[in-house]
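The structure appears right after this line, and notes come after that.
Start at 1 with the first residue, then count along the sequence. All ligand and atom numbering here is 1-based and tracks the order in the structure. All figures in this text were calculated on a predicted structure; none of them were measured in a lab.
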Amino acid sequence: MQLETDLLVIGTGIAGLSCAIYYAENHPESKITLISKRNISETNTRYAQGGIAVVTDFLKDSFSKHKTDTLNAGDGLCDPEVVDFVVKEGPQRLEELLSWGVAFDHNEKGFHLGKEGGHSASRIVHYKDRSGFQIQEGLISRMHALPNIELLEYHSLVDLITDHHLDQDHFGRCYGAYVININNHKVQRIAAKATVLSTGGAGQLYAHTTNPEGATGDGLGAAYRAKVTIKHLQFVQFHPTALHPKANGNTFLISEAVRGAGAQLKNIDGFTFMKNYDARGELASRDIVARAIDSELKKASSEWVWLDCTSISRKVMEDEFPTILDTCRSVGIDPLKDPIPVVPAAHYFCGGIAVDQFGRTDLDGLYAIGECSQTGLHGANRLASNSLLEALVFAKRSADQLSEEMAHIPYDASFLTSIPRWKDQGYVSTKKTSDLDLIKKQLQSIMSQYVGIVRSREGLNKAFQETQNLFQQINTIYNTKTLSLQLSTLRNMIAVAHLLIDQAQNFSQNKGTHYIADDE
Ligand code: SIN
């Protein structure tokens with residue numbers, strides 16, 4: 001099935017869903033096509049525990065404090081203008097979220113506000129430790145109420161459609177995307193007047209990540225092939241406290257809000273250590289805490305450090321952190337009595353597709369919002385819980401800008417129908433899955449070993465060479481075999497890894513999450 005639409009939104013986390021909703025509400029006459037790689041709920045947003053950093057308590061907090069915290073966490077690389085408007089537009093975006101039916105925890109004074117690393121005030125609006133899930137569900141029901149949004153689940157981005165895919169150069173724009181339908185493995189052409197990438201990050205590049213399986217950098221990979229500018233990929237944020245994978249088989253996040261409520265980090269011998277690294281102790285910014293843990297692990301040759309929550313009352317743990325409590329208990333750890341074994345895990349891409357203040361990339365007709373974008377808000381290290389805020393603010397700004405842009409699209413619907421279908425004739429059967437599995441494991445091992453929290457010049461050079469080899473291998477497979485979801489996503493992962501390493505090699509300062517030990 002080939003499709004034509006007004007607006008194509010790729011990705012159904014908070015950024016994509018809210019952009020589609022904002023646009024659909026203002027343009028009931030327009031058709032918006034929204035695609036999700038898996039079930040609509042399976043996004044990074046769903047797993048966000050902390051919440052949204054937004055100033056609501058103007059007695060104890062202020063825009064100026066939130067801006068200063070964001071700039072400090074970003075280690076000198078934030079764009080101050082972006083920081084200013086994102087922080088100031090936060091309360092209005094929160095109001096809209098509430099009006100769409102998303103609920104947050106309250107107490108007698110108003111919102112119950114959490115605190116996380118790098119924040120000088122309690123300002124995280126949250127719903128227990130399931131904020132992302134709550135937001136995702138609220139947005140999904142709002143989206144279903146809008147008849148002009150067409151949802152295609154189990155469709156994954158393969159490539160953006162640009163002049164390169166047409167017989168001759170036309171308008172130098174993005175004309176939609178080729179996407180693979182996971183149910184029948186057919187590549188479908190979705191021609192669109194404008195396209196929004198909201199495809200999230202690429203935590204799956206690493207062996208241990210808090211991100212779900214779908215976080216393979218598809219938007220980044222497709223943008224890279226379309227020659228769209230991508231910036232600051234070297235800034236990969238590791239969350240300091242993921243439950244040690246030996247405890248539950250995969251990497252489960254233990255929210256920073258637990259440290260905000262008083263939990264302490266202890267080394268394998270049971271001693272606190274954070275004050276040796278930063279006066280803010282447990283609530284230093286994430287880059288600093290993750291590096292401190294990394295150093296403690298290496299010093300003691302241990303596999304984990306402890307997160308001791310025993311100073312937090314039973315009531316607070318049960319009321320505010322029920323998911324963490326249940327998950328730990330399900331693997332035999334009772335946080336009310338036992339320390340939790342934790343390690344840092346790849347969590348968030350601070351860099352991404354470069355956009356202006358309205359989410360526009362440098363390819364006309366293409367927008368990027370949410371984690372796949374680089375807006376200038378996060379600099380070298382994102383302040384905790386600023387990501388959902390950024391997603392909402394840029395979703396709204398992009399939707400408004402799209403309203404302007406749609407009035408001046410340089411072609412009509414008949415041009416969209418003339419855009420060619422995907423060409424896959426002549427390909428032979430897909431490479432065996434096990435070969436692709438092996439390449440993915442190799443990639444994750446290279447990234448984890450050489451491109452983690454502490455890097456070295458030699459390690460980055462090795463990683464560059466090795467990902468170059470994987471790049472060649474995957475291109476050979478891609479050019480000769482029928483496309484599958486696995487092949488398409490692995491191709492993206494390798495492209496993103498290679499570019500990330502290149503950007504890390506070419507960045508000469510240690511800033512935020514990017515730290516090369518030899519450059520110290
Ligand atoms: C957390 O709850 O610690 C994660 C929130 C975030 O990544 O901003």
- [ ] Measure the distance from atom 1 (C) of ligand 1 to every protein heavy atom, then report the residue, atom name and distance (to 0.1 Å) of the closest one.
- [x] Glu116 OE2, 3.3 Å
Open item on the list: Starting from atom 7 (O) of ligand 1, what is the nearest protein heavy atom, named by residue and atom, and what distance separates them?
Closed with: His347 NE2, 2.6 Å
Task: Donor-acceptor pair between Glu390 and Thr375 side chains, under 3.5 angstrom - done: yes
Task: Backbone of Gly11 reached by a side-chain donor or acceptor of Ser198 within 3.5 Å - done: yes
Open item on the list: For Phe271, is there any backbone N or O sitting under 3.5 Å from a side-chain donor or acceptor partner on Asp269?
Closed with: no
Open item on the list: Quick check with a 6.0 Å cut-off and a 45 degree axis cone: is Arg46 positioned over the face of Phe133's six-membered ring?
Closed with: no
Subset of ligand 1 atoms that lie under 4.0 Å from at least one heavy atom of [X]:
X: Glu256; answer: 1 (C), 2 (O), 3 (O)
X: Ala384; answer: 8 (O)
X: Arg286; answer: 1 (C), 3 (O), 4 (C), 5 (C), 6 (C), 7 (O), 8 (O)

Open item on the list: Would Gly50 count as being in polar contact with ligand 1, using the rule that some N or O on each side must be under 3.5 angstrom apart?
Closed with: yes
TODO: Would you please indicate if the ring centroids of Phe394 and Tyr367 are separated by under 6.0 Å?
DONE: no
- [ ] Determine, using ring centers only, whether Phe507 and His514 are less than 6.0 Å apart.
- [x] yes
Task: Heavy-atom proximity to atom 2 (O) of ligand 1, best of Ser255, Ser387, Ser385 - done: Ser255
Open item on the list: One residue to check: Arg259. Relative to ligand 1, which of side chain, backbone, both or neither has a non-hydrogen atom less than 4.0 Å away?
Closed with: neither
